[in-house]
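As structure tokens, the structure follows; a few thoughts come after it.
All values reported here derive from a predicted model rather than from experimental measurement. Along the sequence shown, the residues carry numbers beginning at 1.
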Amino acid sequence: MTDDAFGGNEDYPYIRSWGRMRGSAPDYLAYLLGLARAQNAPADAVEFRHRDGHWITTDEIWAADSRRHLGLDPIPPIAPDLDLVVAEIGNAMRCSRWMTDRNGLREVQRLDMNRLRMTFTTGFTGDLHVEIIPPRP
């Protein structure tokens with residue numbers, strides 16, 4: 001274990017914390033810290049995404065447990081975006097073992113901005129209409 005990966009310098013604390021959380025090897029953490037210094041990565045860098053050369057920063061970590069582990073405040077909720085909500089519901093249905101294994105969900109189609117159609121191996125279909133209603137002033 002190198003002092004640099006788990007202590008020593010105090011630069012890039014989120015790379016260290018993220019690496020400990022994920023169980024990264026000390027040599028890999030030392031590599032990331034060296035890369036961060038060489039590339040002058042942002043001070044709040046968390047991880048390096050090798051496929052596109054992008055440094056992920058604390059602003060891009062939105063999961064509450066991960067933020068808590070990194071010692072960051074939770075991100076306040078934002079107003080829901082209908083397009084993203086419908087897409088997320090469709091993804092959740094596709095990943096649900098109860099929907100696929102127990103109910104025979106075969107396909108989820110996006111019909112339009114706020115409608116999904118589920119097709120089941122049993123021949124049933126189901127349409128889901130999503131509406132987001134803003135709070136009253």
Side-chain angles (χ1 to χ4, degrees):
M1 175 166 15
T2 65
D3 288 335
D4 193 43
F6 287 105
N9 292 328
E10 295 303 316
D11 61 346
Y12 300 109
Y14 300 111
I15 292 174
R16 288 182 176 81
S17 184
W18 188 258
R20 284 191 297 268
M21 179 179 82
R22 297 185 63 196
S24 296
D27 289 347
Y28 181 67
L29 277 177
Y31 159 75
L32 279 181
L33 290 166
L35 185 63
R37 291 181 192 117
Q39 293 186 355
N40 197 27
D44 65 341
V46 175
E47 178 69 85
F48 184 70
R49 199 165 55 201
H50 288 87
R51 73 174 178 264
D52 64 2
H54 172 74
W55 281 99
I56 297 168
T57 65
T58 57
D59 291 342
E60 297 170 81
I61 304 296
W62 53 264
D65 287 345
S66 296
R67 290 187 66 81
R68 191 171 24 261
H69 179 81
L70 292 171
L72 301 169
D73 291 331
I75 294 177
I78 59 173
D81 176 295
L82 180 63
D83 186 50
L84 296 176
V85 169
V86 172
E88 188 67 19
I89 290 169
N91 289 336
M93 281 193 262
R94 287 180 196 94
C95 294
S96 167
R97 293 299 224 178
W98 185 80
M99 291 294 287
T100 58
D101 294 352
R102 181 70 177 114
N103 292 290
L105 179 66
R106 185 180 71 219
E107 183 180 18
V108 179
Q109 289 177 286
R110 181 101 181 239
L111 299 177
D112 56 34
M113 178 78 163
N114 60 349
R115 281 191 319 139
L116 295 170
R117 173 160 293 150
M118 299 165 284
T119 305
F120 298 89
T121 58
T122 56
F124 285 85
T125 60
D127 285 359
L128 178 66
H129 173 90
V130 180
E131 189 174 344
I132 295 180
I133 303 166
R136 293 182 184 188

Checklist entry - Heavy atoms, side chains only, cut-off 4.5 Å: are Ser66 and Trp18 in contact? => result yes

Next on the checklist: To the nearest 0.5 Å, what is the distance between CD1 on Ile75 and CG on Leu72?
Outcome noted: 8.5 Å

Item to check | Min side-chain heavy-atom separation Glu47-Arg49 under 4.5 Å | outcome: no

Checklist entry - Can you tell me how far CG of Leu35 sits from OH of Tyr28, rounded to the nearest 0.5 angstrom? => result 8.5 Å

Checklist entry - Between Met21 and Tyr12, is there a shared hydrophobic cluster once you connect ILVMFWY residues whose side-chain heavy atoms come closer than 4.5 Å? => result no

Item to check | Between CG on residue Asp65 and CZ on residue Arg68, distance to nearest 0.5 Å | outcome: 4.5 Å

Checklist entry - With clusters built from Ile, Leu, Val, Met, Phe, Trp and Tyr whose side-chain heavy atoms come within less than 4.5 Å, directly or transitively, what are the remaining members of the cluster of Phe124, listed by chain and number? => result Leu82, Val85, Val86, Ile89, Met93, Trp98, Met99, Leu105, Val108, Met113, Leu116, Met118, Phe120, Leu128, Val130, Ile132

Next on the checklist: Can you classify the ring geometry of Phe48 versus Trp55 as parallel (below 30°), tilted (30 to 60°) or perpendicular (above 60°)?
Outcome noted: tilted

Item to check | From Arg20 atom CZ to Ile15 atom CD1, the distance as rounded to the nearest 0.5 Å | outcome: 11.5 Å

Next on the checklist: Counting only heavy atoms not in Arg94 (residues, nucleotides, ligands), do more than 12 fall under 6.0 Å from its CZ?
Outcome noted: yes

Checklist entry - Do Tyr14 and Ile56 share a hydrophobic cluster, counting only Ile, Leu, Val, Met, Phe, Trp and Tyr and linking them when any side-chain heavy atoms are less than 4.5 Å apart? => result yes

Item to check | Distance, nearest 0.5 Å, that separates CH2 of Trp62 from CD1 of Ile78 | outcome: 11.0 Å

Item to check | Gln39 (side chain) donor-acceptor with Ala36 (main chain) under 3.5 angstrom | outcome: no

Item to check | Candidate pair Arg16 and Asp11, rule salt bridge (charged side-chain N to carboxylate O under 4.0 Å, His left out), full reasoning | outcome: CA-CA 9 Å; Arg16 288 182 176 81; Asp11 61 346; 3.5 Å; yes

Checklist entry - Would you say Thr100's side chain and Ser96's backbone share a donor-acceptor pair under 3.5 angstrom? => result yes

Checklist outcome for this item: Closest non-hydrogen contact found for Pro13 with Ala43 is CD-O, 4.2 Å

Item to check | Audit row: Asp73, Arg67, salt bridge (charged side-chain N to carboxylate O under 4.0 Å, His left out) steps and yes/no | outcome: CA-CA 7 Å; Asp73 291 331; Arg67 290 187 66 81; over 6 Å; no

Next on the checklist: Distance check, rounded to the nearest 0.5 Å: Glu88 atom CD versus Asp83 atom CG?
Outcome noted: 12.0 Å

